[in-house]
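Here is the structure we will look at.
The first residue in the sequence is number 1, and the count goes up from there.
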Amino acid sequence: MSKVYDFLKEAGVFYLATVDGDQPKCRPLGAVMEADGKVLFGVGDFKAVYRQLEANPKTEIAAAKPDGHWLRYTGVAVFETDPKYAEAMLDANPGLRGIYNEETGNKMMMFHLADATAVDIPVMGAGEDLLA
């Protein structure tokens with residue numbers, strides 16, 4: 001998993017694709033961490049992206065690095081039930097505590113991708129499987 005995490009951290013911003021009914025939706029994200037051998041992402045329980053992933057957990061993440069390589073990370077979103085992951089994400093990103101706290105009632109929902117594929121694709125040539 002470290003290759004996927006390292007790629008996402010170097011890219012900085014990455015894009016998560018979902019569907020809303022029959023309409024594709026894509027949005028930038030940056031909340032990512034690695035724990036217990038998983039790359040974990042955070043989204044708000046009050047956001048449409050959370051409802052979309054619950055309704056159809058098939059998703060894809062795309063990211064690009066300055067060197068022209070781009071990542072396609074595809075799988076099924078599995079939400080974590082252990083609150084330690086959300087706490088670790090908030091500890092690593094203290095600015096998010098203004099959004100996710102008891103006063104607002106907003107919760108950070110953490111997920112990883114199961115049944116995933118991850119390919120680092122250069123501008124020209126064959127891609128590299130990052131999960132191999």
Notebook entry, point to check: Minimum heavy-atom separation for Tyr73 to Ala116, with atom names?
Noted result: CE1-CB, 3.7 Å

Check: What is the distance from atom CE of Met108 to atom CG of Leu90, rounded to the nearest 0.5 Å?
Finding: 5.0 Å

Item checked: salt bridge (Lys or Arg N to Asp or Glu O under 4.0 Å) pairs, two or more places apart, involving residues 109-126 -> none

Item checked: Joint hydrophobic cluster, Val32 plus Leu40, side-chain heavy atoms closer than 4.5 Å -> no

Checklist line | Closest contact, heavy atoms only, Leu53 versus Ala77 | finding: CD2-CB, 4.0 Å

Next item on the list: Report yes or no: does Asn101 contribute a side-chain atom to a donor-acceptor pair with the main-chain N or O of Thr104 at less than 3.5 Å?
Entry: yes

Next item on the list: Hey, could you give me the CD1/CG distance between Ile61 and Leu29, rounded to the nearest 0.5 Å?
Entry: 7.0 Å

Next item on the list: Using the salt bridge (Lys or Arg N to Asp or Glu O under 4.0 Å) rule, collect all pairs that involve residues 75-90, keeping only residues at least two apart or in two chains.
Entry: Asp36-Lys84, Lys38-Glu80, Glu87-Arg97

Notebook entry, point to check: Are side-chain heavy atoms of Phe46 and Ile99 found at a separation under 4.5 Å?
Noted result: yes

Next item on the list: Could you note down all residue pairs passing salt bridge (Lys or Arg N to Asp or Glu O under 4.0 Å) where residues 58-75 supplies at least one of them, sequence neighbours left out?
Entry: Glu10-Lys65, Glu60-Arg72

Notebook entry, point to check: With side chains defined as the heavy atoms from C-beta onward, is the minimum distance between Glu128 and Lys3 less than 4.5 Å?
Noted result: yes

Margin query: Ignoring hydrogens, what is the shortest heavy-atom contact between Phe14 and Gly30? Give both atom names and the distance.
Written below: CE2-CA, 3.7 Å

Checklist line | Beyond-backbone contact of Ile121 with Leu71, side-chain heavy atoms, under 4.5 angstrom | finding: no

Margin query: Just to verify, what does Tyr50 make a side chain to side chain donor-acceptor pair (under 3.5 Å) with, not counting sequence neighbours?
Written below: Glu54

Item checked: Lys25 vs Val49 side-chain heavy atoms within contact, under 4.5 Å -> no

Next item on the list: Kindly state each residue pair satisfying salt bridge (Lys or Arg N to Asp or Glu O under 4.0 Å) with at least one member in residues 39-49, sequence neighbours excluded.
Entry: none

Note to self: Does Val4 form a side chain to side chain contact (heavy atoms under 4.5 Å, CB included) with Leu131? I'd like the steps, not just the answer.
What the structure shows: CA-CA 8 Å; Val4 172; Leu131 299 178; 3.8 Å; yes

Check: Between CG of Asn106 and CG of Leu96, what distance do you get to the nearest 0.5 Å?
Finding: 11.0 Å

Next item on the list: Step by step, work out the side chain to side chain contact (heavy atoms under 4.5 Å, CB included) result for Asn93 and Tyr100.
Entry: CA-CA 11 Å; Asn93 301 278; Tyr100 302 100; over 6 Å; no

Note to self: Hydrophobic clustering (ILVMFWY, side-chain heavy atoms < 4.5 Å, transitive) - are Met109 and Leu113 grouped together?
What the structure shows: yes

Next item on the list: Identify the two heavy atoms, one from Phe7 and one from Ala63, that lie closest to each other, and give their separation to 0.1 Å.
Entry: CE2-O, 3.7 Å

Checklist line | In one Ile/Leu/Val/Met/Phe/Trp/Tyr side-chain cluster, 4.5 Å: Phe79, Leu16 | finding: yes

Item checked: Sidechain-backbone polar pair: Thr59 side chain, Thr18 backbone, donor-acceptor under 3.5 Å -> no

Margin query: Can you tell me how far apart CE (Met110) and OH (Tyr85) are? Round to the nearest 0.5 Å.
Written below: 9.5 Å

Checklist line | Pairs involving residues 113-132, ordered by first then second residue, that meet ring pair (Phe, Tyr, Trp, His ring centres under 6.0 Å) (sequence neighbours left out) | finding: none

Note to self: Can you give me the closest heavy-atom contact between Val39 and His112, atom names plus distance?
What the structure shows: O-CB, 3.3 Å

Notebook entry, point to check: Considering only heavy atoms from C-beta outward, does the side chain of Phe111 approach that of Val76 to under 4.5 Å?
Noted result: no

Check: Which pair of non-hydrogen atoms, one from Ala64 and one from Ala11, has the smallest distance, and what is that distance?
Finding: O-CB, 3.4 Å

